[in-house]
Amino acid sequence: MSTSPNPTTVPEARARIDEINERVVELLAERQAIVDALCELKADAERTVRDPEREAELLAHVRAVADEAGLPPTLAETLFEEILAHSVERQRRQRRQRADGAAGPSAEESSAEEPADKATGAVSTCGAQA
């Protein structure tokens, strides 16, 4: 791994970018594993997933951190909105698989407990806003 703060050649810059990309992917995988665990914790506690207040707090925090780091806050917010959307869909799949494997509430019963997602109409009951 290169330790030079400012690459001096194109190959060095590309190598540093590749290293950073790998770290980003590793961190996303770590985040996903934690979200999966949160999904199980919330399901076991019969808690719903979507927490608009928590999601707004997360996005505001990400914007502030980005601003402090010199990154456009809108870029960070857009990236995290995509991460959250992926997490929601992943948790929906997990929840369906869990329900298929055990006797539990039907999709209609779940719908009564959790409002549908505006974009897809799907119901979410595991942790996406980690």
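Please read these numbers as outputs of a predicted model, since none were measured by experiment. Hydrogens, waters and symmetry mates play no part in the numbers below; they use all other heavy atoms, side chains included.
- The CD atom of E55 sits 13.0 Å away from atom CZ of F80, with the distance rounded to the nearest 0.5 Å.
- Residues R98 and C39 are not in side-chain contact: their nearest non-hydrogen atoms beyond the backbone lie 4.5 Å or more apart.
- E12 and P7 get closest at one heavy-atom pair: OE2-CA, 3.2 Å.
- Rounded to the nearest 0.5 angstrom, L38 CG and R31 CZ are separated by 9.5 Å.
- Within the 4.5 Å cutoff, the side chain of D36 has heavy atoms near those of the Q91 side chain.
- With sequence neighbours left out, the side chain to side chain contact (heavy atoms under 4.5 Å, CB included) criterion links H86 to Q32, R90.
- Residues meeting the side chain to side chain contact (heavy atoms under 4.5 Å, CB included) test with E30, sequence neighbours left out: L27, I34.
- Applying the side chain to side chain contact (heavy atoms under 4.5 Å, CB included) test to E53 and every residue at least two apart in sequence or in another chain returns D51, E57.
- Residues L79 and V88 are members of separate hydrophobic clusters, defined by side-chain heavy-atom contacts under 4.5 angstrom among Ile, Leu, Val, Met, Phe, Trp and Tyr.
- Summarising the geometry, atom CZ belonging to R54 is positioned 9.5 Å from atom CG belonging to L59; distances are rounded to the nearest 0.5 Å.
- In this structure, R93 places its CZ atom where more than 12 heavy-atom neighbours from other residues, nucleotides or ligands lie under 6.0 Å away.
- Applying the side-chain hydrogen bond (donor to acceptor under 3.5 Å, both in side chains) rule to D18 yields no partners; only residues at least two apart in sequence or on another chain are considered.
- The side chain to side chain contact (heavy atoms under 4.5 Å, CB included) search around I20 returns R23, V24, not counting sequence neighbours.
- Put simply, the side chain of L58 reaches to within 4.5 Å of the side chain of L84, judged on heavy atoms.
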All N/O donor-acceptor pairs, side-chain side in residues 71-78, below 3.5 Å, sequence neighbours left out:
from	atom 1	to	atom 2	distance (Å)
E77	OE1	R63	NH1	2.8
T78	OG1	T74	O	2.8

